[in-house]
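Predicted model only: the values in this text are computed from it and were never measured. Reminder, nothing fancy here: chain letters follow the sequence lines and each chain counts from 1.
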Number of protein chains: 2
Amino acid sequence: MLELKNLPDEHILKKFADRYEDADIQKVLRFLTLLHVATDLSNGLDRYLGSHALLQGRWWVLILLMREDEGISTPSSLAEKAGVSRATMTGLLDGLQRDKLVTRMVAPKDRRQTLIKLTGKGQAKLDEVMPDYYRRVKQLMAVLTEEEGQALQKVLLKLSQHAEIFD
Amino acid sequence: MLELKNLPDEHILKKFADRYEDADIQKVLRFLTLLHVATDLSNGLDRYLGSHALLQGRWWVLILLMREDEGISTPSSLAEKAGVSRATMTGLLDGLQRDKLVTRMVAPKDRRQTLIKLTGKGQAKLDEVMPDYYRRVKQLMAVLTEEEGQALQKVLLKLSQHAEIFD
DNA sequence: TGCAAATAGTTAGGTAGCTAACTATAGTGA
DNA sequence: TCACTATAGTTAGCTACCTAACTATTTGCA
């Protein structure tokens with residue numbers, strides 16, 4: 001996602017609105033602000049994870065594995081839960097395996113499958129990263145009042161139900 | 001950004017909260033929902049732009065050029081305004097130039113610089129894409145009441161002022 | 001039973017992002 | 001003036017995403 005350092009000021013938006021009649025300046029600003037702020041926060045999260053030699057993709061795979069009893073899953077299941085293609089998951093697992101944070105094993109029941117297991121080193125990496133991650137998220141979201149936090153959640157869910165407007 | 005198809009349910013978050021004491025379940029859910037919904041909307045926007053042989057990065061460069069009088073800028077300036085590295089901008093401009101949506105010219109004043117100009121074909125591409133983009137954004141944001149829209153904007157700006165919490 | 005369809009995973013090739021290192025040019029100060 | 005520093009842009013090599021095409025295996029049904 002593009003970061004959009006400079007959101008358009010209202011003057012520029014008006015120039016566009018003159019050429020493109022359907023533009024609703026306030027609504028466009030809100031839409032771009034949502035993408036912009038989320039990208040900022042996502043980049044911030046990546047900076048934090050990067051300081052522990054992780055990035056969001058790999059970090060999320062470790063979390064999905066920790067959610068499982070035994071810390072075992074399959075590439076397909078992980079891809080579906082992370083919302084990425086199986087091809088992308090292959091690449092993420094290659095990196096995690098190289099760093100010995102997960103292992104690949106052949107599944108005895110179905111020889112098409114590969115079982116992915118969180119290693120001790122992988123669990124240790126999560127134990128290193130998660131406490132501070134939770135502290136920072138708590139600190140960030142605490143800048144909102146409880147009412148604001150609830151309102152944000154409600155409004156976001158409402159928008160997410162209409163993301164297919166772009167299809 | 002990772003899409004997080006399945007946000008954690010409260011049961012799983014509790015398992016994590018037991019191991020990592022500082023976790024605040026509600027706040028983490030709100031944070032992840034923000035990233036998740038913004039990613040969904042960003043992907044939707046990319047699907048729409050993709051149907052016109054554009055993606056967010058290239059589309060945004062065209063918009064930045066149209067903001068300029070004469071439709072002229074430089075790679076450095078575009079990179080700064082788009083919030084990407086100059087290396088990334090080189091790649092975006094390579095693609096746009098290949099599709100003849102922009103042209104590169106040597107700057108007469110400073111021979112280190114390259115001037116980037118929006119072509120007629122580039123402006124035509126914007127004229128093809130923007131009206132429907134504005135219609136769809138208007139339609140999407142109209143699912144919120146005016147009060148909800150204002151509250152969203154306010155809360156997002158508040159959060160963006162604390163994105164450095166991850167540093 | 002045996003072959004077609006479905007599924008699991010990988011590979012190949014594309015876009016979009018990054019940092020670090022490089023070249024060319026411009027500016028500056030002893 | 002001339003060497004140092006700063007700036008503009010590109011290249012190289014990395015991560016992470018995609019789709020399409022491929023291999024191996026399993027499933028299902030005629």
Under a 4.0 Å N-O cut-off, is there an ion pair linking [X] with [Y]?
X	Y	answer
B:Glu68	B:Lys117	no
B:Lys121	B:Asp99	no
A:Asp94	A:Arg104	yes
A:Lys15	A:Asp18	no

Nearest-Å distance for atom pair [atom1]/[atom2], residues [X] and [N]:
X	N	atom1	atom2	answer
B:Gln56	D:dC18	CD	P	14 Å
A:Trp59	D:dA16	CH2	C1'	16 Å
B:Glu80	C:dC18	CD	P	13 Å
B:Trp60	C:dG17	CH2	P	13 Å
B:Arg47	D:dC17	CZ	P	16 Å
B:Asp46	D:dC18	CG	C1'	11 Å
B:Leu55	C:dG14	CG	C1'	10 Å
A:Asp40	C:dG17	CG	C1'	15 Å

Summary of protein contacts for nucleotides 6-14 of chain D, nucleotide by nucleotide, where a base hit scores B, a sugar-phosphate-only hit scores S (4.0 Å, heavy atoms): BBBBBB---
Passing candidate, side-chain hydrogen bond (donor to acceptor under 3.5 Å, both in side chains) with A:Gln150, options A:Glu147, A:Glu148, A:Glu146: A:Glu146
Indicate the ring-plane relationship of A:Tyr134 and B:Tyr20, choosing parallel, tilted or perpendicular according to the 30° and 60° boundaries. tilted
Hey, any chance A:Leu55 and A:Leu126 share a hydrophobic cluster, counting ILVMFWY side chains that come within less than 4.5 Å of each other, even indirectly? no
Would A:Ile72 and A:Val61 show up in the same hydrophobic cluster when neighbours are defined by side-chain heavy atoms closer than 4.5 Å?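 As far as the 4.5 Å side-chain criterion goes, A:Val61 and A:Ile72 are not connected within one cluster.
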Set out, line by line, the N/O atom pairs under 3.5 Å between protein and nucleotides 3-5 of chain C.
none

Check whether the ring centres of B:Phe31 and B:Phe166 lie less than 6.0 Å apart, and answer yes or no. yes
Side chain of B:Val84 only, heavy atoms from C-beta on: which candidate in C:dC18, C:dA26, D:dA16 is closest?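 Out of C:dC18, C:dA26, D:dA16, the nucleotide with an atom closest to B:Val84's side chain is C:dC18.
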For a 4.5 angstrom cut-off between non-hydrogen side-chain atoms, does B:Leu152 reach A:Leu159? yes
Check this one for me: any side-chain N or O of A:Ser85 less than 4.0 Å away from OP1 or OP2 of D:dC17? no
Is any side-chain N or O of B:Thr88 closer than 4.0 Å to OP1 or OP2 of C:dA16?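 It does not, given that no N or O in the side chain of B:Thr88 lies less than 4.0 Å from OP1 or OP2 of C:dA16.
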Evaluate the side-chain hydrogen bond (donor to acceptor under 3.5 Å, both in side chains) criterion for residues B:Tyr48 and A:Asp167: first the C-alpha distance (whole Å), next the side-chain angles of each, then the deciding distance (0.1 Å), finally the verdict. CA-CA 6 Å; B:Tyr48 169 64; A:Asp167 289 332; over 6 Å; no
Taking N or O atoms only and anything under 3.5 Å, show me the protein contacts with nucleotides 3-5 of chain D, one pair per line.
none

